[in-house]
J.: 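My structure is below; once you've seen it, I'll send some questions.
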There are 2 protein chains.
Amino acid sequence: MKVLPTLRQLRYLVAVVERCHFGQAAEACLVSQSTLSAGIQELEELLGAPLLERTKRSVVPTPLGREIAARAKALLTGAEELVDAAQAAKEPMAGPLHLGVIPTVGPFLVPRAMPALRAAFPALKLYLREDQTVRLLAQLNAGELDTVVLALPFPTEDVETLEIARDRFWVVCPPGHRLCSAQAASAADMAPEDLLLLEDGHCLRDHALAACALEGGRRSAAFQGTSLHTLVQMVANGLGVTLLPEMALEAGILRGLEVSALPLSGEAPWRRIGLAWRRSSGRKETFRRLAAALQAEMEPRPPPG
Amino acid sequence: MKVLPTLRQLRYLVAVVERCHFGQAAEACLVSQSTLSAGIQELEELLGAPLLERTKRSVVPTPLGREIAARAKALLTGAEELVDAAQAAKEPMAGPLHLGVIPTVGPFLVPRAMPALRAAFPALKLYLREDQTVRLLAQLNAGELDTVVLALPFPTEDVETLEIARDRFWVVCPPGHRLCSAQAASAADMAPEDLLLLEDGHCLRDHALAACALEGGRRSAAFQGTSLHTLVQMVANGLGVTLLPEMALEAGILRGLEVSALPLSGEAPWRRIGLAWRRSSGRKETFRRLAAALQAEMEPRPPPG
DNA sequence: TCTGATCAATCGTAAAATTCGATTAATCTA
DNA sequence: TAGATTAATCGAATTTTACGATTGATCAGA
């Protein structure tokens, strides 16, 4: 049987490699600097190789140290997931849960669903974080988030998802615009328009373009907004038309504005919203129930004005 | 920061779940029964849930216990790989290495390549194990094997491979057979023959059939042999023809027998032999060098008689 | 129904480890 | 050069870990 390092030692290493500083690492690990120093040395002795380069006032991990630290971090995440699995087996809907949401969903889903979630799962301590898809997924994989609400599909493996809503696109145009009179707008209708979209990085941009069967490459930065509210203002000022997700309309994003909205028609004129979590997570039952609750909460409502 | 179990506790749990017996598990862990018992209880207390059902003379893991044990085993494997990575970074070609080989390669590759491997890597302690592909892969993923020599492709992910040889198929037929006079045999030539193959489970069976563009379903069990030597004997007795890999011929499998051999022609009349290892392994450099050495050793030789 | 055997839990004690605070040695800054 | 910062080292206190012996429960066979 092989001699293994302890998770404690590995935690010390990860802390030091992340901070390049013994004192700060020790503080983060809630131990004294001498304890952490000794732990690192134990690990280096066990592995028979230097993991850190101590040179003139700065600590730098060796290439091997970086490699070992990465493996160590994965092990620590796995150990946490193991504990989560035990906890969730007893009480799936209890304890802290770090939930990420993309910016084109968060402001509309959170106010709408949170009260019901709080009522249904009073023991669940929900910590919310809003960011773009790629960053949320990075945090998910780093174990900093437990689960994420985002638009499907997205480019990552090692993740499981459940769909919680289909969010129809609506075309929003200024008063008097040629599309206003129609019952719906087709993808073909959109091609000649000045289409206002969010800046790069927002998945809504790509999904909106896809729903219209359009390419995004040629669109200039001048037509990019930083939030859906900004886009609506630009439409109201006659700069063009935009596509908004139905949940934004249902949240009243057009209230008090002189613009018209009509549903997008076509093959699949919506984006799919889903809940995602690490394949290795220990709380899948928690996420399934959370997804079911979100799905119920996001059921389509009477069509928005 | 979450309180984590120790790897020691997890190792105890895995040992008990695998054996359903405290005493035997303690022996396997090289600790006393009381120590192991205490360790398990610590773990159950930490996780706040029973992992084992102690009932009348027998120990059975609870569903949660099984789940936790599976996760624990993965963590332990990961920790071993971490140690391997450190060791291999210092000396890639040193230490114990558990190598699996499929039965249609082992008897021909091992005698041929071992002496050179021993000479090239004297510090490498090679432990060999011969079994069929699926079992080798199971053992590879369980961490019981470090690397495996098998035929490509095979149905598994989480594994990296390098090709080490292309092993041509030869048609072996009894003296006076209609094919004997030809320079080579095509896939079409094989269709009407009584083709003798290994029994199910040997990947050589499937790859040989594929090289002839034939289906395996209709072949009866009566035409199945348990080893390549058996097949050759059956051919010598006039029961049909067979396909042998070139490395078997080079090893002299036909010596002293009244049979003829001619190369198979066609699109890809060979099987590909490769070295495989866990994607998460810490000894990739070791495997790359081993694959290179095996490849050099298995270079085609002057065509066999 | 007893008896001996088996098995996991428990207990008390010895050994080993972990931790901390204080100190040291080295390096950098003012 | 004095002071500040940082990681390593040391010694002592504490905690953890391990062991052997024992207990209590269950089972098999007489």
Side-chain angles (χ1 to χ4, degrees), chain A residues 1-62 65-66 68-69 72 76 79, chain B residues 1-62 64-66 68-69 72 76 79 83:
Chain A
M1 192 136 25
K2 211 166 298 190
V3 181
L4 300 181
T6 67
L7 289 178
R8 183 182 50 84
Q9 292 162 345
L10 296 180
R11 176 147 51 193
Y12 293 169
L13 176 69
V14 170
V16 173
V17 169
E18 278 179 349
R19 295 171 183 72
C20 288
H21 192 291
F22 274 66
Q24 291 169 26
E27 194 174 358
C29 294
L30 304 173
V31 297
S32 71
Q33 173 262 317
S34 64
T35 296
L36 183 130
S37 187
I40 297 285
Q41 284 178 67
E42 285 168 22
L43 185 59
E44 287 182 310
E45 187 173 357
L46 173 72
L47 298 180
L51 303 174
L52 301 173
E53 222 170 283
R54 292 91 155 165
T55 167
K56 46 178 134 190
R57 214 163 179 66
S58 77
V59 181
V60 184
T62 64
R66 223 179 283 280
I68 298 293
L76 292 167
Chain B
M1 193 136 24
K2 212 165 295 189
V3 181
L4 301 181
T6 67
L7 289 177
R8 182 182 52 84
Q9 292 162 345
L10 297 180
R11 173 143 59 192
Y12 294 168
L13 177 68
V14 171
V16 173
V17 170
E18 279 178 348
R19 295 172 183 72
C20 288
H21 192 290
F22 274 65
Q24 290 169 27
E27 194 173 359
C29 294
L30 305 173
V31 297
S32 71
Q33 173 261 316
S34 65
T35 296
L36 184 130
S37 187
I40 296 285
Q41 283 178 69
E42 285 167 22
L43 186 58
E44 287 182 310
E45 188 173 354
L46 172 71
L47 297 181
L51 304 173
L52 301 173
E53 221 169 286
R54 291 91 156 165
T55 168
K56 45 178 137 191
R57 214 162 181 67
S58 76
V59 180
V60 183
T62 63
L64 177 62
R66 222 180 283 281
I68 297 293
L76 291 166
V83 175

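Proteins get letters first, then strands, A, B, ... in listed order; numbering begins at 1 in each.
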J.: Does any residue of residues 16-26 of chain A have a heavy atom under 4.0 Å from DNA chain D, and if so, which ones, in number order?
T.: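 Contacting residues: A:H21, A:F22, A:G23.
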J.: Does the side chain of B:R54 get closer than 4.0 angstrom to OP1 or OP2 of C:dC7 through an N or O atom?
T.: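 No, because none of the side-chain N or O atoms of B:R54 sits under 4.0 Å from OP1 or OP2 of C:dC7.
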J.: Determine, for nucleotides 15-21 of chain C in 5'-to-3' order, which nucleotides have protein heavy atoms under 4.0 Å from the base (write B), from only the sugar-phosphate (write S), or from neither (write -).
T.: ---SSBB
J.: Grab the CD-P distance between A:E27 and D:dA7 for me, whole Å please.
T.: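 Going from CD in A:E27 over to P in D:dA7 covers 13 Å.
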J.: How close or far is atom C1' of C:dC7 from atom CD1 of B:I40, stated in whole angstroms?
T.: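 Result: 15 Å.
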J.: May I have the distance from B:Q41 (atom CD) to D:dT16 (atom P), rounded to whole angstrom?
T.: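 Roughly 16 Å, once rounded to whole Å.
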J.: Using side-chain heavy atoms (C-beta onward) and a distance below 4.5 Å, is B:L10 in contact with B:L43?
T.: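 Result yes, sub-4.5 Å side-chain heavy-atom pair found.
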J.: A side-chain contact here means heavy atoms from C-beta on lying under 4.5 Å apart; do A:L51 and A:I40 qualify?
T.: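 The answer is no; the side chains never approach within 4.5 Å.
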J.: Looking only at heavy atoms, what is the nearest atom pair of B:T62 and B:P50, with distance?
T.: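 The answer is OG1-O, 3.2 Å.
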J.: Which residue pairs pass the salt bridge (Lys or Arg N to Asp or Glu O under 4.0 Å) test when at least one of the two sits in residues 12-33 of chain B, sequence neighbours left out?
T.: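 Residue pairs passing salt bridge (Lys or Arg N to Asp or Glu O under 4.0 Å), neighbours aside: B:E18-B:K73.
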J.: With sequence neighbours left out, write down each residue that passes side-chain hydrogen bond (donor to acceptor under 3.5 Å, both in side chains) with A:Q33, or none if nothing qualifies.
T.: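 If we apply the side-chain hydrogen bond (donor to acceptor under 3.5 Å, both in side chains) test to A:Q33, skipping adjacent residues, there are no hits.
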J.: Specify the separation, in whole Å, of atom CG of B:L43 and atom P of C:dA9.
T.: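 Going from CG in B:L43 over to P in C:dA9 covers 13 Å.
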J.: Does B:A49 have any side-chain contact (heavy atoms from CB on, under 4.5 Å) partners at least two apart in sequence or in another chain, and if so, which?
T.: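 For B:A49 the side-chain contact (heavy atoms from CB on, under 4.5 Å) partners, ignoring immediate neighbours, are A:K90, B:L64.
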J.: With A:A69, which residues qualify under side-chain contact (heavy atoms from CB on, under 4.5 Å), at least two apart?
T.: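 With neighbours one apart ignored, the set is A:L13, A:V17.
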J.: Taking all non-hydrogen atoms of both residues, which atom of B:L4 and which atom of A:R11 are closest, and how far apart?
T.: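 Nearest pair, atom of B:L4 first, then A:R11: CD1-NH1, 4.2 Å.
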J.: Whole-Å distance between C:dC7 C1' and B:L52 CG?
T.: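 In whole Å, C:dC7 C1' lies 14 Å from B:L52 CG.
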J.: What's the spacing between B:R66 CZ and B:L52 CG if we round to 0.5 Å?
T.: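 If we round to the nearest 0.5 Å, B:R66:CZ and B:L52:CG are 10.0 Å apart.
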J.: Applying side-chain contact (heavy atoms from CB on, under 4.5 Å), can you list everything that pairs with B:T35, at least two apart in sequence or on another chain?
T.: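 Here the qualifying residues are B:Y12, B:V31, B:S32.
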J.: Rounded to the nearest angstrom, tell me the gap between atom CD in B:E45 and atom P in D:dT17.
T.: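 Rounding to the nearest Å, CD of B:E45 and P of D:dT17 are 13 Å apart.
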J.: Taking side-chain hydrogen bond (donor to acceptor under 3.5 Å, both in side chains) as the test, write out the residues that go with A:E42, two or more places apart.
T.: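 side-chain hydrogen bond (donor to acceptor under 3.5 Å, both in side chains) list for A:E42, sorted by chain: A:Q9.
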J.: Identify the pairs formed between an N or O of the protein and an N or O of nucleotides 11-14 of chain D at a distance under 3.5 Å, and give each distance.
T.:
none

